[in-house]
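Read the numbers this way: they start at 1 and go in the same order the structure lists the ligands and their atoms. Just so you know, residue 1 is the first one in the sequence shown, and it goes up from there.
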Amino acid sequence: MVWWPPAFPLMPETSKMIPTKKDFSAKARIRDMDEYKALYQRSVETPEAFWKEQAQSLTWMHPPDAVCDTSVPGEHNWFSGGRLNVAVNCVDRHAAATPDKTAIIWAKNEPGEYENITFAELKRNVGRVANVLRSLGVRKGDRVCIYMPMIPEAAYAMLACARIGAIHSVVFAGFSAEALRDRIVDAEAKVLFTANEGLRGGKKIELKRIVDDALDGMTMVESVLVARRTDADVPMKGGRDQWLDEAMAQQRAACPAEWMASEDPLFILYTSGSTGKPKGLVHSTAGYLLYTSLTHRYIFDAREDDVHFCAADVGWITGHSYIVYGPLCNGVTTVLFESTPLYPDASRYWKTADDIGATLFYTSPTALRALMREGDEPVKQGKRESIRVLGTVGEPINPEVWRWYHDVVGEERCPIVDTWWQTETGGILISPLPGATPLKPGSATLPFFGIKPLLVDANGNRIEGNDVSGLLCIEGSWPSQARTIWGDHQRFLNTYFTAFPGLYFTGDGCRRDEDGYYWITGRVDDVINVSGHRIGTAEIESALVSHDAVAEAAVVPKPHDIKGQGIHAFVVLTESSDLGADEVSGTLKQQVRHAIGAIATPEEVIAVDALPKTRSGKIMRRVLRKIIAGEAHQLGDLSTLADPTVVDQLLEKLK
Ligand code: WT7
């Protein structure tokens, strides 16, 4: 990372603040910046007292006798001596207090189809699944793989593992057999949950067939539990496979909850690094649950009567923290959304929000960009009156899209929370508080309670003051910080704690503006060095996307004889674009030059039909980088590519 120079301040609009909404703030948990600052100060100056107090929101079987030990970076632990169970916190205590309240609204693939599950029903279903696992010999600490579509059984399976102390590893149901197999083997899972088929948008996904391929010749997985999502019959392997509904019907609903230690692992979740095979990040029981529920409460201003509609998939950390654990721990109704933002059309999110009375809505910039491209009309097909807070996560959001979200979707009524975090952080670390923080489109704004972000240069020197850029690190620990990489603690230490001794290194570049607001510029492995100047690809892409003709953009470097690296841009044009083929490059170069400066001008701007993306919607710049550099023969691992034909189309185009 020695190549990180002082990035120059390129972000537009940094000084324009959008004030908080009076009506919202008046009723908010944190009503203004003074309240935020006071609580933030307390959280970082007296963290033990702060976290001890917060921990009282959890139901403990035995209270912890210490708050935290964070003296050795990478060896942090929280709430030692405590005993608790996550399922008791997320299910039982609400089933006792509000048994008939809806815990989960399942929004099925087809529009207008919903199923509500109350807390009492959730408790019974989780208990049955937990007893199924026990009957299969699953014990505390065993690993269980969950490869399921967005159906209630996915949440039952996660919570059932938590109930008996098994460690779940949810693998996104869009991964291939090979990717699934690698993850099963790495975690040594002995039981696997799946469904006969998954339904997503216009597609059927043959999950059981993929599972059969993944398990072919493998003896590690002893039992496969198959949820019945469709009426498709699938081959069942004798002695290994059984239908989940039939297995559940044989079990009692009551299942005693295991007394877990605070630091016992709750789950493993795989994520890609810049090198090597996917790493299984391990999250803890107490710290994870406390931090996700606390952030959910404050960042979404969550209340008892809220309906939390997070459109993510449980296969990602967002689904773990802000569909299942955070909202349910708070007793808030959560939504499992089985479909896609564009099925059957671009009004889907908004009509769903109306149907179920969603009050909190959380999605990704990628989805918003895709929707914005379809224009305002589909948005207007939904009233959106129930929505109070709009959230975004996953990548930097370009100010234009942010504005559209704010002005068109939220009709300038709803605060936007641009939440920065990572699989490794477990919960949101940098985000506005919706009633307190004046907003800036494109900035994740300020740290949450207890979080100490700091910027360093390539040599690890701290960069003080405002209006500066650097590498984003976090000082100290927070309760939901990942504890290790499954089976490879050394890799955990090497990846996150050695680049800058004493600090957690996020891998992100970041700017702190003149008001102390944080702007995440993207992964530092995605920055481009032009004549010794580093430019965040996110910044150039934001400039391109701000042109009316551009729906999506991806920028990658290519070796350049004189400049070191040159900037190469790929764009997907909007349907309404009237740019002629011969105008694209010139016009859009000018656009970048205009928005950022001559230094950021791309060498070329290539219009393509689609960009290579992961199934979670992240653009795979690595693939573009290789293609543009003429290294198409060594594209590396393409298993996370959503649509492999995109690569062929690109190669054809660039011939
Ligand atoms: C990386 C983490 C956290 C859930 C989904 C992604 C980028 C995440 C933001 C944001 C700018 C963001 C960062 C981070 N990122 N949120 N609000 N603004 N960038 O989880 O797959 O672990 O990816 O996503 O680069 O490091 P993930």
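- In this structure, a donor-acceptor pair under 3.5 Å is present between the side chains of His308 and His296.
- For Phe361 and Trp350, the ring centers are positioned less than 6.0 Å apart.
- With sequence neighbours excluded, no residue satisfies salt bridge (Lys or Arg N to Asp or Glu O under 4.0 Å) with Arg348.
- Side chains of Tyr36 and Leu446 form a contact here, defined as non-hydrogen atoms less than 4.5 Å apart.
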**OP:** Please report the C-alpha distance between Trp316 and His320 in whole Å, then the side-chain angles of each, then the deciding distance to 0.1 Å, and finally whether the ring pair (Phe, Tyr, Trp, His ring centres under 6.0 Å) criterion is met.
**Re:** CA-CA 7 Å; Trp316 312 118; His320 286 60; 9.6 Å; no
Write none if no such pair exists; otherwise list each N/O atom of ligand 1 with its protein N/O partner under 3.5 Å and the distance.
from, atom 1, to, atom 2, distance (Å)
ligand 1, 15 (N), Gly394, O, 3.3
ligand 1, 16 (N), Gly394, N, 3.1
ligand 1, 17 (N), Asp418, OD1, 2.7
ligand 1, 17 (N), Thr419, O, 2.7
ligand 1, 18 (N), Glu395, O, 3.3
ligand 1, 19 (N), Pro396, N, 3.4
ligand 1, 21 (O), Lys618, NZ, 3.4
ligand 1, 22 (O), Thr423, N, 2.7
ligand 1, 22 (O), Thr423, OG1, 2.6
ligand 1, 24 (O), Gly394, O, 3.1
ligand 1, 25 (O), Asp508, OD1, 2.7
ligand 1, 25 (O), Asp508, OD2, 3.2
ligand 1, 26 (O), Gln422, NE2, 2.8
ligand 1, 26 (O), Asp508, OD1, 3.3
ligand 1, 26 (O), Asp508, OD2, 2.7
ligand 1, 26 (O), Arg523, NH1, 2.9

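- Annotation: side chain of Ile474 is in contact with side chain of Thr506 (closest heavy-atom distance under 4.5 Å).
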